[in-house]
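These notes concern the structure reproduced below.
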Amino acid sequence: MPWVAVLMGSESDWPTMQSCTEVLDSLGVGFEVRVTSAHRTPAATAAYVADAADRDCRVFVCAAGLAAHLAGAVAAHTTRPVIGVPIDGGPFNGEDALLSTVMMPGGVPVATVAVGKAGAKNAGYLAAQMLAVADDDLARRIAADREANAAKVAVQNESVQQSLTQST
């Protein structure tokens with residue numbers, strides 16, 4: 001069964017990347033989580049990518065801060081989709097990670113999402129949507145999730161409208 005690899009450059013990225021795995025879990029998408037580094041464990045990273053692809057990993061989600069080379073290093077070793085999640089932190093609060101993640105050379109793409117937890121959450125949704133291209137049941141679960149989110153917004157709007165009515 002296809003699944004998603006969620007990779008992080010360090011354990012400190014985990015509080016952010018839990019947003020990604022929560023989305024995948026809620027949609028019934030299988031995943032693995034690993035800490036691996038483009039700089040400190042490059043051979044282990046390459047070996048994991050090859051092994052994961054052999055075990056039917058279909059999408060790699062890679063989080064890293066600062067130089068943020070993990071997504072690019074993973075993309076160099078696979079033709080499977082790679083999604084980069086820039087981690088907020090460091091002296092530039094994630095802007096350096098964003099630029100490092102998005103500026104890939106032509107021919108080695110990395111889809112890049114927003115910096116931080118919102119980006120991690122969207123990476124989970126994007127990975128699921130990629131898998132849903134070939135999985136109608138997953139596509140229906142994603143559509144139902146989107147409808148549930150729209151319903152929450154409608155409830156929130158009604159609450160605000162009622163508070164406006166009460167204050168006049």
Side-chain angles (χ1 to χ4, degrees), residues 1-135 138-139 142 145-146:
M1 170 163 278
W3 55 279
V4 175
V6 178
L7 308 179
M8 300 170 288
S10 76
E11 185 178 9
S12 63
D13 301 337
W14 180 232
T16 298
M17 293 310 293
Q18 285 177 338
S19 297
C20 177
T21 60
E22 288 167 1
V23 167
L24 294 171
D25 192 47
S26 74
L27 294 171
V29 174
F31 60 88
E32 287 182 2
V33 177
R34 295 286 185 275
V35 175
T36 190
S37 171
H39 299 112
R40 296 177 297 258
T41 61
T45 300
Y48 177 80
V49 170
D51 176 66
D54 287 345
R55 293 184 295 114
D56 212 16
C57 173
R58 298 287 175 92
V59 181
F60 292 88
V61 175
C62 303
L66 304 172
H69 290 296
L70 183 58
V74 169
H77 293 288
T78 186
T79 57
R80 304 277 168 106
V82 176
I83 303 168
V85 180
I87 298 296
D88 47 350
F92 300 106
N93 202 30
E95 286 184 39
D96 49 351
L98 173 63
L99 294 173
S100 294
T101 305
V102 76
M103 294 304 297
M104 291 298 298
V108 188
V110 170
T112 308
V113 293
V115 174
K117 285 187 178 186
K121 186 174 185 176
N122 278 341
Y125 279 112
L126 183 56
Q129 288 174 320
M130 289 173 174
L131 294 177
V133 169
D135 183 337
L138 178 55
I142 293 168
D145 182 82
R146 184 83 52 103

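What you are looking at is a predicted structure, and each value in this text was computed from that prediction instead of being measured.
- Side-chain atoms of Val6 and Leu24, non-hydrogen and from C-beta on, do get closer than 4.5 Å to each other.
- Applying the salt bridge (charged side-chain N to carboxylate O under 4.0 Å, His left out) test to residues at least two apart or on different chains, none of the pairs has a partner in residues 4-27.
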Which donor-acceptor pairs under 3.5 Å do side chains of residues 105-120 form with protein atoms, sequence neighbours excluded?
unit_1: Thr112; atom_1: OG1; unit_2: Val110; atom_2: O; d: 3.4

Worksheet item: When you look at Trp14 and Val35, which way does the side-chain contact (heavy atoms from CB on, under 4.5 Å) test go after all the steps?
Response: CA-CA 9 Å; Trp14 180 232; Val35 175; over 6 Å; no
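- The side chain to side chain contact (heavy atoms under 4.5 Å, CB included) test applied to Arg40 returns Ser10, Ser37, not counting sequence neighbours.
- Listed here is the closest heavy atom pair of Ala128 and Val29: CB-CG2, 4.2 Å.
- In this structure, the side chain to side chain contact (heavy atoms under 4.5 Å, CB included) partners of Glu32, at least two apart in sequence or on a different chain, are Trp3, Arg34, Tyr48, Arg55.
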Using a 3.5 Å cut-off and no angle test, enumerate the donor-acceptor pairs between side-chain atoms of residues 67-91 and protein atoms at least two apart in sequence or in another chain.
unit_1: Thr78; atom_1: OG1; unit_2: Arg80; atom_2: N; d: 3.0
unit_1: Arg80; atom_1: NH1; unit_2: Cys57; atom_2: O; d: 2.2

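- Here the OG1 atom belonging to Thr21 is positioned 12.5 Å from the NZ atom belonging to Lys121, to the nearest 0.5 angstrom.
- Taken to the nearest 0.5 Å, the CG atom of Leu99 stands 10.0 Å off from the CZ atom of Phe92.
- By the side-chain hydrogen bond (donor to acceptor under 3.5 Å, both in side chains) test, Ser26 is found to be paired with no residue, residues two or more places apart in sequence or in another chain being considered.
- With sequence neighbours left out, the side chain to side chain contact (heavy atoms under 4.5 Å, CB included) criterion links Pro2 to Asp56, Arg58, Leu131.
- With sequence neighbours left out, Asp54 forms a side-chain hydrogen bond (donor to acceptor under 3.5 Å, both in side chains) with no residue at all.
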